[in-house]
Amino acid sequence: MLKKLTAKNSGILTAADYKKTGFRVLYGAIIFVLLVAVLTALIPVLWLFLSSFKDASELTSTPYHFFPKAFDIKKLAEVWNMLDFWKYFLNTVIVVIGAVICSVFFNGLLAYAFAIVKPKGWKIFYALVMASYMIPAITSIVPLYNQIVNLGMINSYAPLWLMFGANAYYLMMFKNYFESLPKALFEAAEMDRCGKFKAFFKVVIPMSRPIIGVVAIFTMTAAWSDFLLPYLILQDENMMTVMVKIYNLQSTMGSVQGFGPDKLLMILTISILPQIIIFALFQKQITGSSAAGAVKE
């Protein structure tokens, strides 16, 4: 860390600034605040993980013990089989896969039209899309739900897929990334009599794997944790996603024999594990490629 600071010659603070006492104090204060923020984010997750392995008596024991007496992995399988939780996981996977496909295809294709094709009047439509980005999503829930009911799409995954297929933020990321691609490639494709639509699949998609990966990961985590729309649309219990099922379990906990607060905590732990694993595996791609796609040089 010290070597990096002494070699730092760019940014707001340079190596010369760190030699001054005032800047050192400021730097130390910033590091302290960041450590507090990290602990604030990690401690609830750690508490949930440890508490999920406790039994019901340990949760209310006096004095309170932060760590469980034993880590019984069999409890995870017991809870999984008790509620047939695999089908809710499968439902959520179906929602996530459809959402990722729609998000990449629709946002990518519209961004390609705005960034490369640029038909007449494209600026007007782009301005309308950006204006929609400033409207809080919660204000559109009622008219959106009315449309879904009128179209007879209750208990269907299609509305959830399409909702993730129209996102102004993903569109902006795609557009800025496509504008950074070499123009010579599209000129060569045009000379080879490759149409605009064909060029999207033959030229743009192969060269846009980093930004496609980032958008796919963002969509995946958003679709996995989404609650309100699945709760409103998927009224059939056999079609419920993980988050909707967990919500229902809180109100019907006493009706399931042997299912108590400790089992609910285990279900919550299972529900957040996929997102943690995805972020851990693709952390560099998320923080690096998303910045590259969101900022136009």
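For clarity, every value in this text was computed on a predicted model and none was experimentally measured.
Hydrophobic clustering of Ile, Leu, Val, Met, Phe, Trp and Tyr side chains at less than 4.5 Å, counting indirect connections, unites L26 with L34. Both W86 and I277 are assigned to one and the same hydrophobic cluster, defined by single-linkage of ILVMFWY side chains at heavy-atom distances under 4.5 Å. Under the 4.5 Å side-chain heavy-atom criterion for ILVMFWY residues, no single connected hydrophobic cluster contains both L48 and L273.
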- Message: Working note: M163 + L160, criterion side-chain contact (heavy atoms from CB on, under 4.5 Å); need CA distance, chi angles, decisive distance, verdict.
- Response: CA-CA 5 Å; M163 280 300 298; L160 301 177; 5.8 Å; no
- Decide yes or no on side-chain contact (heavy atoms from CB on, under 4.5 Å) for V100 and I217, but give the supporting numbers first. CA-CA 8 Å; V100 169; I217 293 168; over 6 Å; no
- Message: Pair L229, D226 - check side-chain contact (heavy atoms from CB on, under 4.5 Å), show working.
- Response: CA-CA 7 Å; L229 279 177; D226 191 21; 3.9 Å; yes
- Evaluation steps, side-chain contact (heavy atoms from CB on, under 4.5 Å), between W161 and I94: CA-CA 9 Å; W161 298 340; I94 293 173; 3.9 Å; yes
- Go through the steps to decide whether F174 and F178 satisfy the test ring pair (Phe, Tyr, Trp, His ring centres under 6.0 Å), and finish with yes or no. CA-CA 6 Å; F174 272 122; F178 292 164; 5.5 Å; yes
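Using a 4.5 Å heavy-atom threshold, the side chains of I141 and L232 count as touching. In this structure the side chain of P230 never reaches within 4.5 angstrom of the side chain of M243, judged on heavy atoms. At least one side-chain heavy atom of L109 sits under 4.5 Å from a side-chain heavy atom of F197. Counting only heavy atoms from C-beta outward, the side chains of L171 and F114 approach each other to under 4.5 Å. Between M207 and P182, the closest side-chain pair of non-hydrogen atoms falls below 4.5 Å. Residues F106 and F164 form no side-chain contact, since every pair of their non-hydrogen atoms from C-beta on lies 4.5 Å or further apart. Looking at P206 and F201, their side chains never come closer than 4.5 Å, going by heavy atoms from C-beta outward.
Between the N91 side chain and the N238 main chain, a donor and an acceptor come within less than 3.5 Å of each other. Side chain of T221 to main chain of F218: a donor-acceptor pair is present (N/O by atom type, distance under 3.5 Å, no hydrogens or angles). In this structure, S140 contributes its side chain and P136 its backbone to no donor-acceptor pair below 3.5 Å. At distances below 3.5 Å, at least one donor-acceptor pair connects side-chain atoms of W224 with backbone N or O atoms of S271. A donor-acceptor pair is defined here as one N or O able to donate and one able to accept, closer than 3.5 Å; such a pair exists between the side chain of S132 and the backbone of V129.
Heavy-atom minimum distance, L265 versus S51: CD1-CB, 3.7 Å. A pairwise comparison of heavy atoms in K183 and A115 identifies NZ-O, 4.4 Å as the closest pair. Looking at every heavy atom in both residues, K175 comes nearest to Y126 through CD-CE1, 3.4 Å. The minimum heavy-atom distance linking M240 with L234 is given by the pair CG-O, 4.2 Å. Taking both residues in full, the closest heavy atoms of V45 and I272 are given as CG1-CD1, 4.2 Å, listed atom of the first, atom of the second, then distance. Between F89 and P274, the closest heavy-atom pair is CE2-CG, 4.0 Å.
For residues 231-244, the set of pairs meeting the salt bridge (charged side-chain N to carboxylate O under 4.0 Å, His left out) definition, not counting sequence neighbours, comprises E237-K245. Screening residues 111-123 for side-chain hydrogen bond (donor to acceptor under 3.5 Å, both in side chains) gives no qualifying pairs among residues at least two apart or on separate chains. Residue pairs meeting the side-chain hydrogen bond (donor to acceptor under 3.5 Å, both in side chains) criterion with at least one partner in residues 96-107, sequence neighbours excluded, are S103-N107, S103-T219.
Taken to the nearest 0.5 Å, the CD1 atom of I212 stands 12.0 Å off from the CZ atom of F105. How far CG of N248 is from OH of Y88: 8.5 Å, rounded to the nearest 0.5 Å. Atom CE of M153 sits about 10.5 Å away from atom CD of Q147, to the nearest 0.5 Å. How far CD1 of I154 is from CD1 of I233: 6.0 Å, rounded to the nearest 0.5 Å. Taking OH of Y157 as the reference point, atom CG of L162 lies at 15.0 Å (rounded to 0.5 Å). Rounding to the nearest 0.5 Å places CG of L110 at 11.5 Å from CG of N167.
Residue F32 is found in a hydrophobic cluster whose other members, listed by chain and number, are V36; membership requires side-chain heavy atoms under 4.5 Å apart, directly or through intermediates.
Within a 6.0 Å sphere centred on CD1 of I124, other residues, nucleotides and ligands contribute 12 heavy atoms or fewer. Heavy-atom neighbours of K198 NZ from other residues, nucleotides or ligands within 6.0 Å: at or below the threshold of 12.
With sequence neighbours left out, P44 forms a side chain to side chain contact (heavy atoms under 4.5 Å, CB included) with no residue at all. The side chain to side chain contact (heavy atoms under 4.5 Å, CB included) test applied to I97 returns V93, I101, not counting sequence neighbours.
Ring geometry for Y247 against F227 counts as tilted: the plane angle lies between 30° and 60°, on a 0 to 90° scale.
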